[in-house]
Amino acid sequence: MANNEKFLVAGEHFYQPPRQASHSRLEHLTENQTDWNTIIAEQCYIPQIENGTLDLASFDFFSTIRQEMNEIAPEQAELLRAAMRERGVGDPFLHVLLPDLSREDKKILITAGFNNFANDVGVNPQWFWAPETALDNETLEVLVEVGYQGVLCAPEQIYDTGGEADNHPIIINLDNGESITALPFDRPISSSLAFANKGNADEYTRSIIIPKIMQLPSSLPLIFWTDGETFGHHDRFAHLFLDYLLKTSLPSNGVEIASINDLQDIWQETDYRSGKLNQRSAWSCPHGNLVRWHGACPCDEGLDGNWKRYFSEGLKHLNQQITDILNQNLDDGWEDELAENFVEHFYHKGFSSDKSIDMETSLLAAKASALAAQISCGTFFNNPGTSGKINLLFARQSLENLIDAGYEKEAEEIKAELLATLAKGIDPSNGKNLAESLAGIID
Ligand SMILES: [Zn+2]
């Protein structure tokens with residue numbers, strides 16, 4: 001490569017939650033809802049696929065929404081998988097805060113996402129995007145165990161690097177003797193892309209990107225990572241800005257777009273640093289210990305976030321209760337069976353007659369749904385009405401599968417306990433307790 005050549009990795013994080021239950025007895029709960037995932041696909045995913053933006057960007061595209069793209073837009077889903085083969089990044093199938101999970105649950109989801117990527121795309125993923133980039137060392141250990149080389153994160157999640165972490169590959173040594181590369185994106189550019197005016201890509205390149213990229217050695221590509229929905233959904237025409245930025249503005253200023261999966265060939269040894277991970281940190285809350293998802297946090301913009309404690313505790317307890325039932329009733333190794341066939345178990349339709357009940361299948365489906373009830377969206381926003389219904393929908397689906405497996409009494413007890421915990425939290429948008437505010441889903 002020529003010495004004056006500059007590289008940039010344009011990263012996008014694509015995610016929308018699964019909004020439909022698959023169990024046949026739960027269709028009535030979502031049948032008249034707005035189909036947000038199709039709307040967002042039409043505003044944002046399909047244009048970026050068809051324009052060829054995703055033939056330049058590097059990106060994670062979470063397993064559940066990828067699965068839905070097969071229904072929403074099968075032809076574009078095929079193009080998406082081809083693009084992922086070159087520049088795709090892996091995910092843990094469900095958008096759950098991994099540090100909140102037991103080691104066994106981490107392994108189930110990280111393996112499920114890895115396998116789903118490999119099956120869909122035809123190659124193994126090298127890099128991993130953690131939901132909310134929430135990480136702890138145990139998650140890093142499991143990532144290495146499953147086969148990942150590295151993980152994306154925000155620079156403020158890394159310390160002890162002896163210099164700026166942004167854009168540098170950071171070697172993190174783990175207690176088990178293994179190591180993994182963390183790759184912190186460029187914080188100022190990533191934040192600016194989310195919030196800056198996206199009217200003029202040439203001007204953005206000249207005034208924002210070029211001054212920063214000129215400070216970096218040629219062997220150290222500038223890496224930005226931003227929510228993919230910014231481009232076409234949150235900001236209606238911003239996908240045109242991104243497309244022009246990547247195809248025209250950056251190349252005409254001497255910047256080549258690189259794939260995240262080719263970085264090992266570009267970095268020089270001097271670009272690597274060693275560092276440590278801030279435990280239980282995330283890109284979307286600077287307040288530490290993943291507090292935004294578990295209680296009152298300045299991120300709540302003045303509303304009382306104390307409800308999040310009861311919401312997250314109640315659903316975490318449900319997941320533990322389901323795990324206990326599986327441990328008592330299934331042979332050792334059920335975790336491997338679930339991870340290997342996660343798609344089948346997560347989208348299990350349930351049983352409508354007593355004759356066809358298969359206890360093991362229903363219990364594994366109950367566990368997959370109990371994990372889906374942990375997705376981070378429910379407590380991301382400052383009130384439970386925005387996204388919390390989705391978590392409760394999967395909690396309900398978990399209980400329906402438990403009933404199918406023959407554990408009706410246990411399902412009743414778990415439901416009663418969950419409702420009692422929810423009743424302790426107050427929805428700050430309407431003053432009702434969470435059980436009242438979210439009534440009609442699990443009860
Ligand atoms: Zn916060």
Side-chain angles (χ1 to χ4, degrees), residues 15 17-18 60 62-64 90-116 128-148 151-153 157 174-176 180 277-285 288-295 308-327 330 333-340 342 345-346 363-380 390-392 394-395 397-398 414 418 421:
Y15 172 68
D60 61 277
F62 261 61
S63 292
T64 50
D91 65 77
F93 204 100
L94 299 172
H95 201 272
V96 175
L97 297 176
L98 296 169
D100 283 349
L101 299 180
S102 68
R103 190 181 186 106
E104 292 75 19
D105 281 358
K106 288 179 172 87
K107 180 86 183 283
I108 291 170
L109 287 186
I110 292 168
T111 305
F114 188 95
N115 290 345
N116 194 52
F128 182 78
W129 181 268
E132 304 294 356
T133 77
L135 293 168
D136 62 359
N137 277 6
E138 190 173 77
T139 301
L140 299 183
E141 288 184 4
V142 176
L143 288 173
V144 174
E145 206 177 308
V146 170
Y148 281 101
V151 59
L152 278 300
C153 65
Q157 292 181 261
L174 301 166
D175 287 345
N176 65 359
I180 191 166
L277 174 75
N278 277 316
Q279 301 302 300
R280 295 178 60 77
S281 56
W283 77 327
S284 40
C285 167
N289 198 26
L290 304 176
V291 60
R292 177 180 190 147
W293 294 271
H294 300 99
K308 295 179 175 184
R309 184 182 142 196
Y310 302 104
F311 191 92
S312 59
E313 269 179 19
L315 291 168
K316 184 174 187 166
H317 186 52
L318 174 138
N319 182 40
Q320 186 56 53
Q321 289 169 303
I322 299 289
T323 303
D324 292 343
I325 292 174
L326 269 73
N327 282 336
L330 297 182
W334 63 260
E335 291 96 340
D336 297 334
E337 160 61 26
L338 178 56
E340 291 301 321
F342 199 83
H345 295 300
F346 179 59
L363 285 182
L364 292 171
K367 176 62 186 175
S369 295
L371 285 166
Q374 316 294 307
I375 57 178
S376 63
C377 327
T379 51
F380 175 82
I390 295 172
N391 297 71
L392 294 193
F394 289 109
Q397 179 162 281
S398 181
I414 293 170
L418 176 58
T421 305

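Keep in mind that this is a model prediction, so the values were computed, not measured. Counting begins at 1 with the first residue of the sequence. Just so you know, these numbers use all the heavy atoms, side chains as well, and skip hydrogens, waters and symmetry mates.
- Nearest heavy-atom pair across Leu135 and Cys153 is CD1-CB, 4.2 Å.
- When Glu145, Glu141, Glu138 are each tested for a side-chain hydrogen bond (donor to acceptor under 3.5 Å, both in side chains) with Lys106, only one passes: Glu138.
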Show your reasoning for whether side chain to side chain contact (heavy atoms under 4.5 Å, CB included) applies to Asn116 and Phe342. CA-CA 8 Å; Asn116 194 52; Phe342 199 83; over 6 Å; no
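- Scanning all heavy atoms of the two residues, the minimum distance from Ile390 to Pro18 falls at CG2-O, 3.3 Å.
- The structure places CG of Leu277 at 5.5 Å from CG of Asn137, a figure rounded to the nearest 0.5 Å.
- Using cut-offs of 30° and 60° on the angle between ring planes, the pair Phe380 and Trp293 is tilted.
- Remark: the backbone N or O of Lys308 is paired with a side-chain donor or acceptor of Ser312 at under 3.5 angstrom.
- A side-chain donor-acceptor contact under 3.5 Å links Ser369 to the backbone of Ala365.
- Here the closest heavy-atom approach between residue Asp91 and residue Ser63 is recorded as OD1-OG, 2.8 Å.
- For the pair Arg292 and Ser284, the tightest heavy-atom approach, listed with the atom from each and the gap, is NH1-O, 2.8 Å.
- A salt bridge does not link Lys367 to Glu335: none of the charged nitrogens lies less than 4.0 Å from a carboxylate oxygen.
- Listed here is the closest heavy atom pair of Ile322 and Ala370: CG1-CB, 4.1 Å.
- Between Tyr15 and Pro131, every side-chain heavy-atom pair lies at or beyond the 4.5 Å cut-off.
- The backbone N or O of Phe128 sits nowhere less than 3.5 Å from a side-chain atom of Asp60 that would complete a donor-acceptor pair.
- Ring geometry, Trp283 versus Trp129: the interplanar angle exceeds 60°, so the pair is classed perpendicular (tilted spans 30 to 60°).
- Between Thr323 and Asn327 there is a side-chain heavy-atom pair separated by less than 4.5 Å.
- Ala339 and Asn115 get closest at one heavy-atom pair: O-ND2, 3.8 Å.
- In terms of modelled atom types and a separation under 3.5 Å, the side chain of Gln157 and the main chain of Ser281 share a donor-acceptor contact.
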Side chain to side chain contact (heavy atoms under 4.5 Å, CB included) for Asn319 and Leu371? Distances and angles first, verdict last. CA-CA 7 Å; Asn319 182 40; Leu371 285 166; 4.0 Å; yes
